[in-house]
Amino acid sequence: VMKDLQYVLKEIMEVTTIIETEYRELYRFLEENPMTLPAVDHPNIDEATLTEYLKSLKELLQHHRETQKKNYVFYILVTG
């Protein structure tokens, strides 16, 4: 169970790092700073909550990437 939690936390860190470094315009829309998750042994945040948070981060990033791509294609079509 602890390895699963560590894996989820690692994934959250990786996704938020991608958002922060490659999509700064998206990073400001995160509801909370993911770097401020509690660092205590038994926070009220469980693995299921973190897994759901990770899922939402990935969906947000995927949606943003798809939107950017569509906007770029539209820009090329309009500007020729």
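Computed from a predicted model, the values in this text were never measured in an experiment.
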Asks: Can you tell me how far apart CG (Leu50) and CD1 (Ile12) are? Round to the nearest 0.5 Å.
Replies: 4.5 Å

Asks: Excluding sequence neighbours, so at least two apart, what forms side chain to side chain donor-acceptor pair (under 3.5 Å) with Glu59?
Replies: none

Asks: Would Leu5 end up clustered with Leu54 when hydrophobic side chains under 4.5 Å apart are linked, directly or stepwise?
Replies: yes

Asks: Which residues pass the side chain to side chain contact (heavy atoms under 4.5 Å, CB included) test with Glu52, not counting sequence neighbours?
Replies: Lys55

Asks: Going by side chain to side chain donor-acceptor pair (under 3.5 Å), name the residues that satisfy it together with Ser56, two or more places apart in sequence or in a different chain.
Replies: none

Asks: Which distance, rounded to the nearest 0.5 Å, do you find between the CD of Glu47 and the CG of Leu9?
Replies: 9.0 Å

Asks: Any idea which heavy atoms bring Lys10 and Glu14 closest together, and the distance?
Replies: NZ-OE2, 2.8 Å

Asks: Which value, rounded to the nearest 0.5 Å, describes the distance between Gln62 atom CD and Leu57 atom CG?
Replies: 13.0 Å

Asks: Excluding sequence neighbours, so at least two apart, what forms side chain to side chain contact (heavy atoms under 4.5 Å, CB included) with His63?
Replies: Thr67

Asks: With sequence neighbours left out, what residues match Thr17 under side chain to side chain contact (heavy atoms under 4.5 Å, CB included)?
Replies: Thr21

Asks: For Ile18, what residues pass the side chain to side chain contact (heavy atoms under 4.5 Å, CB included) criterion, not counting sequence neighbours?
Replies: Glu22, Tyr23, Leu61, Arg65

